K.L.:
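Can you keep this structure in mind? I'll have questions shortly.
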Number of protein chains: 2
Amino acid sequence: MQRKRTITSRDVAERAGVSQSAVSRCFSPKASISEKTKNKVLKAAKELGYRPNSIARSLITRSSRTIALVLSHLDNMFYPLVIEKASLRFQAEDYHLLLFVVPEAGDFSGVMERILQSQVDGILMMSASLTSSLARECVDSGIPVVLVNRKVDFDGISQVYSDNYHGGFWVGSYLAMAGHDRVAYLAGLESSSTSRHRYQGLVDGLASLGKQCHAIAHGDYDFEQARAATRQLFTAPPYPDAVFAASDHMAIAVMETLRDDFNLRIPEDVSVIGFDDTPVAAWPSYRLTTVRQPVDQMVEEATTLLLRQIRQGDFRAESRILPVTPILRHSVRSPVREATLD
Amino acid sequence: MQRKRTITSRDVAERAGVSQSAVSRCFSPKASISEKTKNKVLKAAKELGYRPNSIARSLITRSSRTIALVLSHLDNMFYPLVIEKASLRFQAEDYHLLLFVVPEAGDFSGVMERILQSQVDGILMMSASLTSSLARECVDSGIPVVLVNRKVDFDGISQVYSDNYHGGFWVGSYLAMAGHDRVAYLAGLESSSTSRHRYQGLVDGLASLGKQCHAIAHGDYDFEQARAATRQLFTAPPYPDAVFAASDHMAIAVMETLRDDFNLRIPEDVSVIGFDDTPVAAWPSYRLTTVRQPVDQMVEEATTLLLRQIRQGDFRAESRILPVTPILRHSVRSPVREATLD
DNA sequence: GTGAAAGCGCTAACAG
DNA sequence: CTGTTAGCGCTTTCAC
């Protein structure tokens, strides 16, 4: 099988007996062209199997109609969900999605360079390892970027994240009200603002009822590490009587470990709360009480912000804090059971 | 904040006092250029913050260095795993990954057109809904494509998939040997070759020990549909005494449903086997016996095949059937427990 | 080794 | 509405 010569608009023009620009106009939505010529052109195009070369188009329009989606932790179902939603959303706007999966450990410098060179029109940044300085680099190089589920103390940059603090606060007060005295926090990555804010909220929520956080362990958003951290937490007294994990993914790891390694019941022996409300949290085996992040809304807002920056060259940074929703299921022992929102 | 003018190789050339082509050569690995000029150019480039425009490069080299990854069912952890692996692999080869998430239901015609227009150098196709004719369209339009985890009866196209038939066969014989008489199959999508082959294997494996398949239900690779199908399967006697689900994702749904809706124990009351060996199968709550697909190897082979087609214009179609591995855990009742491979 | 020149395939003024 | 013209930023002969 041999490589076919690529068909250009010039070929179509020739065949249709019109100018090359006429052909071009047929494939630009807004250009004005008569029905008659258009039909001739379309006919010739179909016969030749012509398809506009989007690279040439990009070169001249200075727009690749491509967005970079940068993330990690694909094993946490939260992200596949985001990908799915983002894909749909951008597809609807006729943008392509370029995916960058960055290993959370260390080496993202190369990735950064790759992203910058990829000629994307914008970046949706969801990786925790891309810190403030990297975000700034994006802004400096003039490419629109919005941070999703990430916050950075530098206000030249748009960000959308959910109200992690109040999510954590709710957890703290809820657990305190349930009578827990030894609440442990299973943190995500050190570098992650979300994990820190959830912790801060937890501490304050606990404090609002005169309690304090009993212990903190690090799961780094990783399943196995969360299991290890749990074992450590429960290896010597005084044992926690509740664990708040910074993600459902880790919360599940906690539950599995508590049940399997320690033969502990949830919520009778230990209460567990997660964060995200991924589908797995609702599975009968877990019925995990958690804090829902509005994934759809996050993607929606981020997309809107990003697209506005791209289309209108509107570079004002804007932050959106989205409300979270407590989802009451059955992983917390309850003196009082409130209505579930699920 | 205002939009900066883009820096071109011409700007760099001017500043470095060399020709534009000299600059170009500095950024092509194989081009010959003296150390001295190169240093001058690189210095000027850095000062100006120059980055080669990969779109212009693509236009002239006729290569976007981009691969399309087409898939669906991101809620099935198998796919995020594939994405992660593929991303790493292509990154290493200096290719970008364009992601197309196609809704498994119906409407993929638009997607097909979008892919074809995206100027990718190649396609990794993992969506079940893209059938033979669509695959053919890729081949016709001359763009390298390899089907992954998909098989199509048209041998002009490269495909890599695992040995679904023998996986199913193993399940059939294993279940028969465990003494099961009423094995139900929970199928994936009707259009999916993988599901059909697994079924065929199951039937033959059962038959090899003089048994036959007791019932078949359709879960379409979807969690909720798998739950519904399970309820239906167990709603009236004779009840299955084992269920083989075409994916772990569905197998988990089966287990959850059996336990939660029917108060059945696994494996004491019903045996369950899955396919894929996603991480969740190993979680203590499930300890799902399953058939492992070699994800890494699949991606590896597919990538190699695709890259060869791209780089060498080698269009010979080639198929690779990868071996699967039975993973014995505890979701099947066992007169004999063999050594686990996990 | 280096520069000049010729496009890659397309869009966007600009006249007509 | 349509054709002509001029590039987008780069790679790649081709002389020198």
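These numbers were taken from a predicted model, which means no experiment stands behind them.
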K.L.:
What I'd like to find out is whether the side chain of A:Ile67 reaches to under 4.5 Å of the side chain of A:Ile310, using heavy atoms alone.
P.N.:
yes
K.L.:
Any salt bridge linking B:Arg89 with B:Glu84? Criterion: basic side-chain nitrogen under 4.0 Å from a carboxylate oxygen.
P.N.:
no
K.L.:
Is the A:His73 to A:Phe78 ring centre distance short of 6.0 Å?
P.N.:
no
K.L.:
So A:Leu42 and A:Cys26, do their side chains get closer than 4.5 Å, heavy atoms only?
P.N.:
yes
K.L.:
Report yes if some heavy atom in the side chain of B:Ser162 is under 4.5 Å from a heavy atom in the side chain of B:Pro294; otherwise report no.
P.N.:
yes
K.L.:
Heavy atoms under 4.0 Å is the rule here; annotate nucleotides 7-14 of chain C 5' to 3' with B where the base is hit, S where only the sugar-phosphate is, and - elsewhere.
P.N.:
BBBBBBB-
K.L.:
What's the CD1-C1' distance between B:Ile33 and D:dT12, to the nearest Å?
P.N.:
14 Å
K.L.:
Got a sec, which residues hit ring pair (Phe, Tyr, Trp, His ring centres under 6.0 Å) with B:Phe27, two or more places apart in sequence or on another chain?
P.N.:
B:Tyr50
K.L.:
Any side-chain N or O of B:Ser32 below 4.0 angstrom from OP1/OP2 of C:dG1?
P.N.:
yes
K.L.:
To the nearest Å, give me how far apart CD (B:Glu14) and P (D:dG9) are.
P.N.:
14 Å
K.L.:
Can B:Glu300 and B:Arg320 be said to form a salt bridge (Lys or Arg N to Asp or Glu O under 4.0 Å), step by step?
P.N.:
CA-CA 11 Å; B:Glu300 187 58 37; B:Arg320 291 263 214 279; over 6 Å; no
K.L.:
Between the axis at one end of the helix from C:dG1-D:dC16 to C:dG16-D:dC1 and the axis at the other (five pairs apiece), what's the angle to 10 degrees?
P.N.:
30°
K.L.:
Do you know which two heavy atoms are closest between A:Gln159 and A:Lys151, and how far apart they sit?
P.N.:
OE1-CA, 3.0 Å
K.L.:
Reckon A:Thr37 has a side-chain N or O less than 4.0 Å from the OP1 or OP2 of D:dT2?
P.N.:
yes
